[in-house]
Every structure is written in C-alpha cells, then in structure tokens.
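Before any comments, here is the structure.
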2 protein chains.
Amino acid sequence: MKLSTKIETFVAHFGEMGSRWGFNRTVGQMYALLMIYSRPLNADEISEMLSISRSNVSMGLKELQSWRLLKLTHYPGDRKEYYKTPDDIIEVARIVLEERHKREVAPTLTMLRDEIMREPVSEEGKYAQQRMTEIYELIDTVSKAVDELAALSPNDLRKMMKMGSSVASLFAFKDKLVGGKRDKAEEY
Amino acid sequence: MKLSTKIETFVAHFGEMGSRWGFNRTVGQMYALLMIYSRPLNADEISEMLSISRSNVSMGLKELQSWRLLKLTHYPGDRKEYYKTPDDIIEVARIVLEERHKREVAPTLTMLRDEIMREPVSEEGKYAQQRMTEIYELIDTVSKAVDELAALSPNDLRKMMKMGSSVASLFAFKDKLVGGKRDKAEEY
DNA sequence: TTGAATTTTCAGAAATTACTGAAAATTCAA
DNA sequence: TTGAATTTTCAGTAATTTCTGAAAATTCAA
C-alpha cells in the first residue's frame, strides 16, 4: 500500500513537528495519515503504510484516544476497527487546545496558586512569590481567553476565519456572537 | 547555595513542563531559576544551585540565548557573565511566541503551501490536497492573530490583562488601541 | 461453548537525547 | 605579550524514550 508523495511529505513533516504537540514521532505520523487519508483506516493498514509494528500502532492509537482525537467506524462483515479524525479540522484544534490546557496549564496554575499562598520565609522567597504572582496572572489571563475561543462552536470559528484573522476582526465577530453592537462595524 | 522551598518547587515544575515549550528538563529548570531569582546569576552559581555540570549550564545558556530569552549583566571587578530574564514576564511570553512561530509554524505553512500547489496525481492526492488547504487556512488564521498579539507592546498587553481576559474585552481593548469607538464600552 | 480473528500488554532491544569531564579556546588584567 | 580566569566544545557515557516480537487477553461468529 504505497502512499502518494503528497501524503508522504505531510506525514513526515507532522512526524517531526509532532513532539511539539505532545506526541512522539510515530504518533504524529499516525495522526497526520488519518487526517488526510480519504477513508478510515484499520491498525494493520496504518502499520503497513507507515512501516511500524502492529504493537506500536496499538499503543499510538491508545494515546490518541486518550486525547479524544479519534472517531471509530465499523464495516459490515469486518471485525476490524477503523479509525478516522473528526471531519472538521477546527474540531481537532479545539480538542488539542482543551487537552493541553487540562494537562499542562491547569497543573501549572495549581502549583503557582499553592506556592503564592504559602507564606515566604526568606527574602528570596518573598521575591519569588512576587514573580510567581505575575506569572500566574499572565497564564490565567491568556488561558481564559483561549478557553473562550475553544468553547465557540466549530461553525462560529469557521465564520471567524472567513472574516479574516486580525485581532480586531476576531473581536468584532465575537461582538456579533454575543449580541453586542458597534459604531463602525464596516471598518472591518 | 541552598534554594528556598518555593523556588525549588517552581524550578522542578518548570523542569517537567519545559519539554512542552521546546526545551529539555535542565534548560527548563535553568530558565525557571533565572526567572524567579532576585538577582542575575553566573554559570557557576546556576551549576551549583541546580546540581548540574558546568558544561551543561554552558550549553543550556547557549540554547536560551538562541531563543533571545536572556539578558546579560556584568559587575565591576568580576569577569564572570551574569544572566537574567527580561524584567517583564510578558516580554518573555512574547519572545517565546515569536520564536515558536518562526521555528514551527512558518516551516509548516511553507510545506503546506508547496504541497497544495503541486498538482495531485491520484484521487488520494486530490483528497489530501483538499484537507491540506483546510489545515493551511486554520493555521494561517490563528497564527496571524497570534502575530498581532505578539506585536503589541508589553505595556499594551499589560493594560489588556488588567481589563480582564474575555475575548470580548480583548477586542474592546484592541479597539481602543487602534482608535476605534464602540457604543457599550461600559459593559466590559 | 469453541477457536479463529483481532487487539493489547509488556519485557527487552534499539534509538535517541541529555549530561559529563577533560581539553581547547577565548578573554582580559597586568 | 603572558597566563590566570572563564567559557565553550565535544567525544564518550548515562539516562530516557521509543519500538518490537511474542505472548496474553479479548471479541465474536459459528
């Protein structure tokens, strides 16, 4: 089962980049393949297409499922499980944001809150506490904004994309979503 | 040179999380330490405080410098170099965003553009091309929005933070920055 | 039930990444 | 200049992560 050059390039690239999203290379490749292949694939097909062992595919699928990033399908008369990604790419982005928030940002905020609460014992501790407060506020602010974006429906997000991407436009759109009114909407 | 508990917890946590930001554990620890320590530190001090070899510190500092994340200081009569982070934590966030965009997002967009251009030879390639176009548009949109945010001055961003963090508020703020006017500013 | 088909687990091997000590290179005061 | 102080480099080692094959577990049609 030979992959087209287009797919091979895409898969290889996301394999390399995958680690930045919290996966290893093969898991990145697997997801990339599922994302651009026109039909759901079973584990054996993935194993063959990417030349990785069946057991590695099994572990990779398990990890991707723990990220809620896969959809399962079955075909009549075939006991194998077939995997695909959500049809809507925006849905994928939303899930990744949510999961990363849960896995990385939330624990960091908890740690910072705990340490900021604890009475500092030294001058050093006092300074550290101040700095942690600044860091807490920054992360909290940004993550709340991201939460809100992630909470918008894929459909709303798509409308936003069509409007253009400037921060100003994004905001203008949000206004419409929440029913706000503005003087100079035509500027955007 | 014993670290306070507060600093130790913070350093350990960012060591673990560091890999998500593109660094390894020790580089994450080093930056965490420099971020919350009240004064600039030299390489020997970092080495001792974190119990890592002097050469490892040297390599870590080099990497952090390639990310433009360090400021250098000197003290009269002392030949050692002293390192600290930008005073403003928002400046740190802005630089990380810019560097990650340059190192990860830009190459991905280039790859996608190239592959989308290339005429597909198979049905599979045709479908892949479609999907890549969707992905390209999403990444491009989001990254343009992030670029704009990163381009705002730390001072403007701080004002934004003080206003609160809802998307709506962010937009309202951007309006003020760009001189726009709105009916119901008092709602935010 | 049974057993063939399928998926999962996991111990060990392979590959990759991080770290160290020693040596080389650089810097700068005298 | 010289040489002591300091920083960087890098080959080898250590630690970690990823991957595999074999075996165990699960599923389900007959």
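A note on names: the letters A, B, ... follow the listed sequences, proteins ahead of strands, and every chain is numbered from 1. As the structure is a prediction and not an experimental result, all values here were calculated from the model.
Contact check on A:Glu45 versus A:Lys80 returns no salt bridge, with no Lys/Arg side-chain nitrogen under 4.0 Å from an Asp/Glu carboxylate oxygen. Salt-bridge check for B:Glu98 with B:Lys102: failed, with every basic side-chain N at 4.0 Å or more from each acidic carboxylate O.
One can place CG of A:Asp44 at 10 Å from C1' of C:dT7, the figure rounded to the nearest angstrom. Computed from coordinates, the A:Met30 CE to C:dT7 P distance equals 12 Å when rounded to whole Å. When rounded to the nearest whole Å, the span between CD of B:Gln29 and P of C:dA18 equals 13 Å. Rounded to an integer number of Å, the gap from CD of A:Glu45 to P of C:dT7 is 11 Å. In this structure, B:Glu48 places its CD atom 17 Å from C1' of C:dT20, rounding to the nearest Å. In this structure, the CG atom of B:Asp78 is 14 Å from the C1' atom of D:dA4, given to the nearest Å. With rounding to whole Å, B:Arg54 atom CZ is found 12 Å from D:dT9 atom P. A straight line from OH of A:Tyr82 to C1' of C:dA5 spans 13 Å, rounded to a whole angstrom.
A:Arg25 comes within 4.0 angstrom of sugar-phosphate atoms only, judged by non-hydrogen atoms across all strands, and of no base. Across all strands shown, A:Ile52 has heavy atoms under 4.0 Å from sugar-phosphate atoms exclusively, and none from any base. Base engagement by A:Asn56 is indicated by at least one non-hydrogen atom pair under 4.0 Å involving a base atom.
The base of D:dG21 lies outside donor-acceptor range of the side chain of A:Ser53, with no N or O pair under 3.5 Å. One can find a donor-acceptor pair under 3.5 Å joining the base of C:dT27 and the side-chain atoms of B:Arg79.
Between A:Tyr31 and A:Val92, some side-chain heavy-atom pair lies under the 4.5 Å cut-off.
Between A:Lys62 and C:dT7, a side-chain N or O to OP1/OP2 separation shorter than 4.0 Å is absent. Between D:dC19 and A:Asn24, a contact under 4.0 Å exists linking OP1 or OP2 to a side-chain N or O.
Nearest-nucleotide mapping onto DNA chain D: of A:Thr26 and B:Lys80, the residue sitting toward the 5' end is B:Lys80.
With both pairing distances under 3.5 Å, C:dA30 is matched to D:dT1 as a Watson-Crick or G-U wobble pair. Partner assigned to D:dA25 is C:dT6, using Watson-Crick or G-U wobble distances below 3.5 angstrom. Pairing for D:dT13 goes to C:dA18, judged as Watson-Crick or G-U wobble with the two contacts each under 3.5 Å. C:dG12 and D:dC19 make up a base pair, with Watson-Crick or G-U wobble contacts both under 3.5 Å.
Residues B:Tyr82 and B:Tyr75 bring their aromatic ring centres within 6.0 Å.
Hydrophobic cluster membership differs between A:Leu33 and B:Tyr127, with clusters built from Ile, Leu, Val, Met, Phe, Trp and Tyr side chains linked at under 4.5 angstrom.
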